[in-house]
There are 2 protein chains.
Amino acid sequence: MTRGRPRDTAIEGRLLAAAAEELRRGGYEGLSIDRVAERAGVAKTTLYRRWASKAELVVALIASMREEIPFEPSDDPRGDLTTLVVTIAAGLSSTPTSLIADLAAASARDPRVGESVRALWADRHGAVTAVVAKAQQAGIVLSHVAPAVLVDQLVGPLYYRLLVTGEPLTPDYARTLMLSVLGPEESP
Amino acid sequence: MTRGRPRDTAIEGRLLAAAAEELRRGGYEGLSIDRVAERAGVAKTTLYRRWASKAELVVALIASMREEIPFEPSDDPRGDLTTLVVTIAAGLSSTPTSLIADLAAASARDPRVGESVRALWADRHGAVTAVVAKAQQAGIVLSHVAPAVLVDQLVGPLYYRLLVTGEPLTPDYARTLMLSVLGPEESP
DNA sequence: TTATTTACGCTACCGCCGTAGCGTAAATGC
DNA sequence: GCATTTACGCTACGGCGGTAGCGTAAATAA
């Protein structure tokens with residue numbers, strides 16, 4: 001088949017495991033490529049044959065650790081949206097802020113990293129967009145503004161608080177965002 | 001008065017000027033402390049006696065370059081808000097994205113840097129908050145949501161697009177955000 | 001078996017941020 | 001004048017991310 005010496009398939013897993021431990025201990029900043037390679041029992045050059053940069057390694061690591069959000073849309077778009085936004089807020093605030101910020105910085109520097117990072121959040125944001133569109137069709141959202149904008153106004157403030165103002169992301173805050181975008185619930 | 005050899009007051013200005021040139025050429029990442037010191041004709045240690053890190057140097061530089069937003073609130077809160085949000089969006093998108101992202105990352109790592117960075121945006125965000133509160137008092141905004149949340153939903157999406165989704169910040173987008181938060185204008 | 005191709009380990013290196021230590025310059029207090 | 005204090009320049013260093021080059025190991029093709 002392929003010509004030369006095959007890649008040692010066990011190495012990638014060992015590197016990711018070593019990187020996970022490093023990330024857990026010292027965050028993005030404290031993760032040292034040299035230590036990851038040493039911990040995995042591998043030369044640093046071997047690591048760089050798999051990922052082109054520290055950022056790409058970390059993105060691959062996060063992608064490998066990530067579990068899907070189990071989300072089943074119900075007949076209650078308002079409740080669904082609340083669940084989603086609260087879940088996203090919880091996920092963000094349980095992740096070290098500096099990690100999110102460093103990924104954003106790496107994304108800004110390297111478009112390829114940016115693509116990978118956006119793919120990490122894509123499922124969550126896609127789910128929110130779908131539910132918002134559904135709510136709008138059902139007449140629950142009165143606004144005629146494009147769903148993408150409403151999503152930005154639900155999710156954007158979470159990142160804004162996290163990365164810019166440093167304020168906490170509480171479930172209450174997420175629910176307040178919801179209220180503000182959807183308007184008060186009509187009593188039936 | 002003070003006992004020892006006095007600081008050379010000219011050095012700080014030369015360092016900031018050198019840093020500005022470096023930042024202009026290569027952005028945050030391309031700004032090298034060694035080169036800044038060399039360009040200013042000063043030892044690197046002298047630079048570190050003034051700012052504790054590259055991040056603090058850059059924050060001080062931006063603070064020194066920053067001009068106030070000339071903003072005079074009129075009797076038209078809706079127009080004022082539009083102006084403010086469009087201006088903020090323009091300012092953000094005219095700044096290199098990586099600079100904003102790197103400042104956010106530095107803020108997450110070092111709380112002192114975070115304080116300084118937040119102070120950079122404070123005037124803009126304060127102005128927005130003031131106008132939003134005024135609009136709410138005037139009954140222009142129907143929502144009873146706290147002004148701070150509305151501000152987050154006006155400004156947060158800008159940072160969100162810039163740092164996370166990578167979408168452009170057009171004046172139209174800013175106006176759409178406004179529309180979504182304030183609701184459609186009532187015809188008089 | 002032999003040539004070729006690819007992977008791996010190793011060493012050395014570059015530029016980077018940030019720190020330590022030391023000699024010296026410039027000010028004040030006596 | 002003289003001790004003290006602070007600023008400055010300089011050198012050296014450590015750890016970092018990332019790259020280049022080389023010898024060698026492991027596979028395939030002939």
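Residue numbers start from 1 in every chain, and the chains themselves are labelled A, B, ... in the order their sequence lines are given, proteins ahead of strands. These numbers come from the heavy atoms of this one structure, side chains and all, not from hydrogens, waters or symmetry mates.
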Ranking D/dG17, C/dC8, D/dC8 by distance to the side chain of A/T46, first place goes to C/dC8
Per-nucleotide protein contact along nucleotides 20-30 of chain D, 5' to 3', at a 4.0 Å heavy-atom cut-off (B base, S sugar-phosphate only, - neither), is B----BBBBS-
Base of C/dG18 paired with side chain of B/K44 (donor-acceptor, under 3.5 Å): yes
To the nearest angstrom, the CG-P distance between A/L47 and C/dC8 comes to 11 Å
request  = Using a strict 4.0 Å threshold on nitrogen-to-oxygen distance, state whether B/R112 and B/E56 make a salt bridge.
outcome  = yes
| Is it the case that one hydrophobic cluster holds both B/V86 and B/L162, taking links as side-chain heavy atoms less than 4.5 Å apart, direct or via other members? | no
In whole angstroms, the gap separating P of C/dT19 from CG of B/D34 amounts to 13 Å
note: B/K54, atom NZ; D/dC16, atom P; distance rounded to Å ~ 18 Å
| said: Counting only side-chain nitrogens and oxygens, does A/R35 get under 4.0 Å of the OP1 or OP2 atom of D/dC16? | reply: yes
- Item | Basic-acidic side-chain contact under 4.0 Å: A/E21, A/R24 | yes
Between OH of A/Y48 and P of C/dA7 the distance, given in whole Å, is 18 Å
**Report entry** Salt-bridge criterion met for B/E38 and B/K44 (N-O under 4.0 Å)
**Finding:** no
To the nearest angstrom, the CH2-P distance between A/W51 and D/dT19 comes to 15 Å
note: B/E38, atom CD; C/dG15, atom P; distance rounded to Å ~ 12 Å
Residues 163-174 of chain A vs salt bridge (Lys or Arg N to Asp or Glu O under 4.0 Å), sequence neighbours excluded, gives A/R161-A/E167, A/D172-A/R175
Here the gap from B/T83 atom OG1 to B/E72 atom CD, rounded to the nearest 0.5 Å, amounts to 12.5 Å
Tell me whether A/R25 is salt-bridged to A/E22, with the criterion being a basic N under 4.0 Å from an acidic carboxylate O. no
d(A/I100 CD1, A/Y28 OH) to nearest 0.5 Å is 13.0 Å
Rounded to whole Å, CG of A/D102 lies from P of D/dC16 at a distance of 16 Å
Per the under-4.0 Å heavy-atom filter, residues of residues 15-33 of chain A near DNA chain D come out as A/L31, A/S32, A/I33
Cut-off 3.5 Å, side chains only: do A/S180 and B/Q153 have a donor facing an acceptor? yes
